[in-house]
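Structure, as structure tokens:
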Amino acid sequence: MKIFLLGATGFIGLHLLYSFRQKGCEVWALVRRPEKASLCPKGIQVLIGDPLSPGHWQDVCAGCDVVINLVGASIFSRWTERRKRLILETRLKSTQRVVEALRRRGYRGVFLNASAIGYYGADRGEEALVEESPAGDDFLAQVCQAWERKALGLAETGVRVCLLRFGVVLGKTGGALSRMLPAFRLGLGGPLGSGKQWFSWIHIKDVLKATHFLIAHHEAQGPFNLVSPHPVRQKELAKTLARVLRRPAFFPLPAFVLRLLLGEAAVFLTGSLKVLPQRLLSMGYEFLFPDLELALRDLR
Ligand SMILES: NC(=O)c1ccc[n+]([C@@H]2O[C@H](COP(=O)([O-])OP(=O)(O)OC[C@H]3O[C@@H](n4cnc5c(N)ncnc54)[C@H](OP(=O)(O)O)[C@@H]3O)[C@@H](O)[C@H]2O)c1
């Protein structure tokens, strides 16, 4: 099987490269900065190119069986107007470039495009959110809706499109957990905001397993919540992480401090999202790490 990956040098992308290579697939990685090519495991075909601009990479992409797009400027920073534009543009343009490449060449494989549970908005309180739940209307929700609409443009031509609505992906080498671990290891961790808000997470190994599962299941298309079936409240996350690391977690970070530090982006940490993987479960997907404590023990 031939795989083409955009956003290959990011946190999730690198894990996917290793897992596809392990399965013996022919893997192409689009890398925008040559100095990052060395991060790719041996045996990967590296193409240097810009995912936001047309290029030779589009021909290679259209010749593969599976195309996965994970490109997106990080949301972990203060959302200035410039940053917000970059967050939106990197996602829309990269998706647009893939869609136009595949549409023009009569692609018949599968296209998996990243999205996020931010689709539902940053704060939905106690509501249990599944794939059919209505979208939110804040900045990230609007980004996710526009991003998904772009990808679904390809579905109109009969291509199978899966939208990967990632929850907070937990792994050692990137994402939210790698930012939290240093404070918790020093015994300086604690819940964010009120601690009552829901936190929807997934172990990186389940991201890999679920991605392979969706590729193999030819009936799978449309949005999929990539989250564990057991979301937790923020205070439970802090308590469990402290227990796993055998450290105290007495230091809450109040919402107003987060707002001072991050501005509008703080809502992403203080909001409550209780998201469930309804479609994956109904297709018979079995989680490797359904439970937070198990996941954190694997990652500590
Ligand atoms: N990790 C999570 O918890 C999580 C949760 C929800 C949604 N997602 C979404 O899933 C996708 C992958 O996540 P991740 O954690 O792997 O993200 P990541 O580590 O930040 O990687 C993002 C990728 O996008 C590329 N990129 C960033 N800015 C770019 C630009 N201006 N032009 C072209 N490419 C650019 C990066 O290239 P370089 O390597 O060259 O910088 C990298 O390959 C993202 O779209 C993210 O929004 C992730």
Side-chain angles (χ1 to χ4, degrees), residues 4-19 28-40 44 46-55 57 68-77 79 82-98 112-122 139-148 150-151 162-180 199-208 210-211 223-228 231 237 265 268-269 271 273 275 277 295 299:
F4 194 94
L5 203 59
L6 301 92
T9 48
F11 164 50
I12 299 173
L14 282 172
H15 279 91
L16 276 174
L17 286 183
Y18 277 93
S19 75
W28 291 83
L30 181 64
V31 174
R32 65 175 170 140
R33 294 184 280 189
E35 70 275 14
K36 278 203 148 186
S38 60
L39 293 176
C40 298
I44 300 293
V46 175
L47 269 180
I48 305 294
D50 177 5
L52 311 189
S53 308
W57 66 265
I68 305 176
N69 176 25
L70 300 169
V71 168
S74 174
I75 61 162
F76 288 106
S77 63
W79 294 348
R82 191 157 166 253
R83 188 81 209 165
K84 280 172 137 179
R85 253 196 324 275
L86 194 68
I87 288 173
L88 179 68
E89 271 180 25
T90 47
R91 287 166 174 79
L92 295 196
K93 274 197 182 160
S94 59
T95 306
Q96 177 61 34
R97 293 301 175 216
V98 174
L112 284 76
N113 208 40
S115 180
I117 58 169
Y119 172 90
Y120 303 106
F139 168 65
L140 277 190
Q142 286 172 16
V143 169
C144 291
Q145 286 167 76
W147 197 9
E148 293 193 356
K150 275 266 180 266
C162 294
L163 306 166
L164 311 177
R165 289 186 189 157
F166 294 116
V168 179
V169 181
L170 303 182
K172 274 188 210 169
T173 55
L177 185 65
S178 68
R179 287 175 170 83
M180 290 162 63
F199 177 79
S200 296
W201 60 277
I202 182 167
H203 191 301
I204 182 72
K205 288 182 188 162
D206 270 311
V207 167
L208 306 180
T211 304
F224 289 89
N225 292 337
L226 267 68
V227 289
S228 97
L237 166 70
F268 164 67
L269 300 174
L273 276 182
V275 184
L299 291 168

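Whatever order the structure lists ligands and atoms in, that order sets their numbers, starting from 1.
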Element-labelled atoms of ligand 1 that are located less than 4.0 Å from some non-hydrogen atom of S115: 7 (C)

Any donor-acceptor N/O pair, S228 side chain to I202 backbone, under 3.5 Å: no

Protein contact of atom 3 (O) of ligand 1 - nearest heavy atom, named by residue and atom, plus distance: V169 N, 2.9 Å

Contact check: G72 vs ligand 1, nitrogen or oxygen atoms, below 3.5 angstrom: yes

Sub-4.0 Å atoms of ligand 1 with respect to non-hydrogen atoms of R33: 38 (P), 40 (O), 41 (O)

Protein residue, atom and distance nearest to atom 12 (C) of ligand 1, heavy-atom basis: L70 O, 3.3 Å

Element-labelled atoms of ligand 1 that are located less than 4.0 Å from some non-hydrogen atom of R91: 45 (O), 46 (C), 47 (O)

Proximity of P51 to ligand 1 by residue part, where a heavy atom lies under 4.0 Å: side chain

Numbered atoms and elements of ligand 1 in range of K36, under 4.0 angstrom, heavy atoms: 38 (P), 39 (O), 40 (O), 41 (O)

Using distance only, find each side-chain donor-acceptor pair of residues 112-121 under 3.5 Å and give its atom names and separation, not counting sequence neighbours.
residue, atom, partner, partner atom, Å
N113, OD1, N69, ND2, 3.0
N113, ND2, T95, OG1, 3.2
S115, OG, E148, OE2, 2.8
Y120, OH, V130, O, 3.3
Y120, OH, R165, NH1, 2.7
Y120, OH, N225, OD1, 2.7
Y120, OH, N225, ND2, 3.2

Shortest heavy-atom approach to atom 4 (C) of ligand 1 - which of S200, G171, G7, G167: G167

Which of the ligand 1 atoms, numbered from 1, are nearer than 4.0 Å to a heavy atom of V71: 24 (O), 34 (N), 35 (C), 45 (O)

S77 and R83: side chain donor to acceptor below 3.5 Å: yes

Backbone N/O of L16 and side chain of S19: donor-acceptor pair under 3.5 Å: yes

side-chain contact (heavy atoms from CB on, under 4.5 Å) partners of A295, counting only residues at least two apart: W201, H203, F289

Donor-acceptor under 3.5 Å (S94 side chain, P51 main chain): no

Atom 34 (N) of ligand 1 touched by protein (heavy atom, under 4.0 Å): yes

Donor-acceptor pair, side chain of R97 and main chain of L52, under 3.5 angstrom: yes

Per-residue contact class, T90 against ligand 1 - non-hydrogen pairs under 4.0 Å: side chain

Polar atom proximity, I12 to ligand 1 (N or O, under 3.5 Å): yes

Identified side-chain contact (heavy atoms from CB on, under 4.5 Å) partner of H15 from the options V207, T211, I204: I204

Atoms in ligand 1 with a heavy atom of A116 nearer than 4.0 Å: 6 (C), 7 (C)

Per-atom contacts of ligand 1 with F166, taking only distances under 4.0 Å to non-hydrogen atoms: 5 (C), 6 (C), 7 (C), 8 (N), 9 (C), 10 (O)

N/O separation below 3.5 Å, R32 to ligand 1: yes

W147 near ligand 1 by a heavy-atom separation under 4.0 Å: yes

